[in-house]
Amino acid sequence: MKIISVYVLALVGVATTQNSDLVRIGNNRGGGHGIDSHTHRKPFIVPSTFIHAVEARNLLNHANQFVKFSELSNGTRAFGSKGHNATVQYIKGLLDKTNAYTTEYQTFPYLYSEGNAAFSANGTDYTTAWFTYGPAGDVTAPLQIVAGVGCELDDYPPEVSGKIALILRGTCAFGIKTALAGAAGAAGVIIYNNAEGSIGSGTLGEVSRPELGPYVPVGSLSGTDGASLAGVITSGTQVIGKLHVNAITDTRYSSNVIATTKAGDKTNLVVAGGHTDSVAAGPICNGINDDGSGTMGLLEVALLLAEYNVTSAVRFAFWTAEEFGLVGSTHYVASLGDTERQNIALYLNFDMIASPNAGYYILDGDGSAFNSSGPAGSDHIEWTFENFFYAHKLVSAPSAFTGRSDYGPFLTVGIPSGGLFTGSDGIMTAEQAQWWSGGVAGRAFDPCHHQACDGISNLNVPYWVWNTKAAAHTIASYALSLVGIPRGPRVAVREFALTKLSHDERRHHTCGEEIFEL
Ligand SMILES: *[C@@H]1O[C@H](CO)[C@@H](O)[C@H](O)[C@H]1NC(C)=O
Ligand SMILES: *[C@@H]1O[C@H](CO)[C@@H](O)[C@H](O)[C@H]1NC(C)=O
Ligand SMILES: *[C@@H]1O[C@H](CO)[C@@H](O)[C@H](O)[C@H]1NC(C)=O
Ligand SMILES: *[C@@H]1O[C@H](CO)[C@@H](O)[C@H](O)[C@H]1NC(C)=O
Ligand SMILES: *[C@@H]1O[C@H](CO)[C@@H](O)[C@H](O)[C@H]1NC(C)=O
């Protein structure tokens with residue numbers, strides 16, 4: 001354990017503390033040795049010196065733990081798995097030991113869905129993909145073309161019964177085509193793209209559509225492959241398709257961890273969050289950058305903050321099931337009472353802050369770059385982050401304020417928001433590679449995004465440390481003063497439009513990616 005000593009400086013504009021002149025600040029992880037929150041006064045936080053306590057080795061210690069947790073469930077920390085549960089227990093356990101937080105689990109059920117597909121036609125294998133909510137099954141049957149794009153029951157001829165319907169993408173949702181084919185008696189469905197390449201990740205959009213018909217096993221094909229098979233069938237030759245879909249869809253319980261400083265005004269809450277779950281795609285996905293990095297950075301800030309007093313209370317939120325559609329944060333925001341919602345001054349999000357080919361992205365809360373701004377105060381949050389990077393001679397750039405991470409539900413109810421991000425599937429340009437040290441032009445910001453290789457070696461430690469310092473500085477600044485953050489009226493929202501999207505649709509981005517529900 002490292003003990004550092006600092007002098008507490010008189011703070012301008014902050015309520016006076018009974019400063020002892022010399023205060024020992026311990027990064028105490030064992031408990032029982034820290035400054036007791038009930039009997040001892042703590043020094044008020046000083047943002048500029050607070051950031052020095054952020055250290056790479058403490059972050060990496062958390063990362064080693066997270067990898068061990070993922071080993072409990074085949075290398076993933078998907079929500080509700082053993083690896084995910086171990087992650088939330090670790091976070092709550094460490095925060096409880098500080099005695100500086102009131103912590104709670106917010107536990108609730110959500111539908112988990114995971115799968116993959118394989119397809120061959122007359123013995124030749126094709127590249128195919130599973131659709132979220134698609135049922136499991138094995139079908140071997142002739143392929144049958146349908147009329148139009150299969151959006152009307154009339155498009156399905158009687159011959160489709162018992163066969164695999166081959167349907168062109170477009171006009172209506174994948175889920176509508178699949179249910180109508182099921183209603184017409186098809187044994188399976190292949191949807192092929194209306195452009196050359198593959199459809200990518202798609203979803204049936206809804207868990208079921210009983211009003212239209214039953215879902216049947218369904219896979220996708222590229223436009224090239226689908227059109228060529230359709231051509232063969234149209235010429236009168238039979239093609240036997242073999243579709244194999246593995247899928248599980250079940251209800252799982254998992255938890256958000258919510259930790260609020262005992263110190264500080266609870267009617268002026270500074271909320272900061274990141275997500276604890278990884279995707280389940282593939283056999284292994286540690287999710288160490290996405291979003292281990294944001295979660296561990298916040299955990300570290302919370303542990304360090306435990307030694308200080310604050311003006312406004314700080315609430316750290318560790319969200320479950322972000323990868324399934326911002327589920328944990330949406331559940332939290334939707335469950336807020338009117339007073340609690342009004343008491344939240346702002347929300348800060350940290351999702352992917354250590355990408356291997358990183359950029360310093362700040363959510364564009366003022367809308368200056370992407371013409372999409374947040375509630376008043378979001379501009380101030382962006383500037384606070386910008387000033388931090390500028391002061392440390394680091395180049396930052398705005399990232400589109402899309403609402404596609406856990407700040408989305410906060411925006412929906414009118415809470416000013418902001419956050420950091422180091423890039424995911426986007427490709428770094430030559431210009432950006434000049435801005436960001438170590439940057440490689442032409443390569444994705446995170447080539448391991450949502451893949452097995454998102455482990456310890458995927459972490460960009462220097463960027464991680466700087467982003468964690470930026471988080472520490474910003475959280476500490478707002479914990480001292482909320483000047484610049486107006487408290488507009490909050491909207492009571494119970495229905496959140498985004499929640500139906502699958503994890504792949506909800507990829508984090510810098511420059512809008514496509515969403516495939518149609
Ligand atoms: C924090 O500061 C306030 C205002 O000065 C004081 O009432 C409170 O006791 C302090 N709390 C701690 C834990 O130091
Ligand atoms: C791990 O993978 C094996 C084989 O794919 C599977 O049978 C098992 O259910 C998985 N276990 C967990 C906890 O996901
Ligand atoms: C994970 O935690 C939830 C909530 O406490 C519990 O219901 C579930 O059974 C746990 N899952 C596993 C795999 O341990
Ligand atoms: C596919 O196999 C069927 C049944 O064996 C055969 O009738 C048909 O000609 C084959 N089609 C092609 C395109 O080879
Ligand atoms: C920015 O968005 C507003 C409102 O959506 C729109 O009216 C305006 O034309 C947009 N401006 C630009 C430059 O795209």
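When a ligand or atom number is given, it counts from 1 through the structure's own listing order. Sequential numbering from 1 along the given sequence is applied to the chain's residues. Heavy atoms only: backbone and side chains are in, while hydrogens, waters and symmetry mates are out. Since the model is a prediction, treat every value here as computed from it, not as a measurement.
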Under 4.0 Å from atom 4 (C) of ligand 5, is there any protein heavy atom? no

Please identify which atoms of ligand 1 are closer than 4.0 Å to at least one heavy atom of F44. 2 (O)

Within a distance under 4.0 Å of any heavy atom of V232, pick out the atoms of ligand 4 and give their elements. 13 (C)

Should L411 and Y347 count as side-chain neighbours, where that means a heavy-atom distance under 4.5 Å? no

Atom 9 (O) of ligand 5 protein-contacted (non-hydrogen atom, under 4.0 angstrom): no

Can you tell me how far CZ of F445 sits from OG of S424, rounded to the nearest 0.5 angstrom? 9.0 Å

Looking only at distances, please establish whether an N/O atom of ligand 4 is found under 3.5 Å from an N/O atom of N122. yes

Which of parallel (below 30°), tilted (30 to 60°) and perpendicular (above 60°) describes H62 and Y90? perpendicular

Face-on cation placement of K92 at Y105 ring, 6.0 Å and 45° thresholds: yes

How far is atom 1 (C) of ligand 5 from its nearest protein heavy atom, and which residue and atom name does that atom have? N371 ND2, 1.5 Å

Do the side-chain N and O atoms of N122 and K242 include a donor-acceptor pair separated by under 3.5 angstrom? no

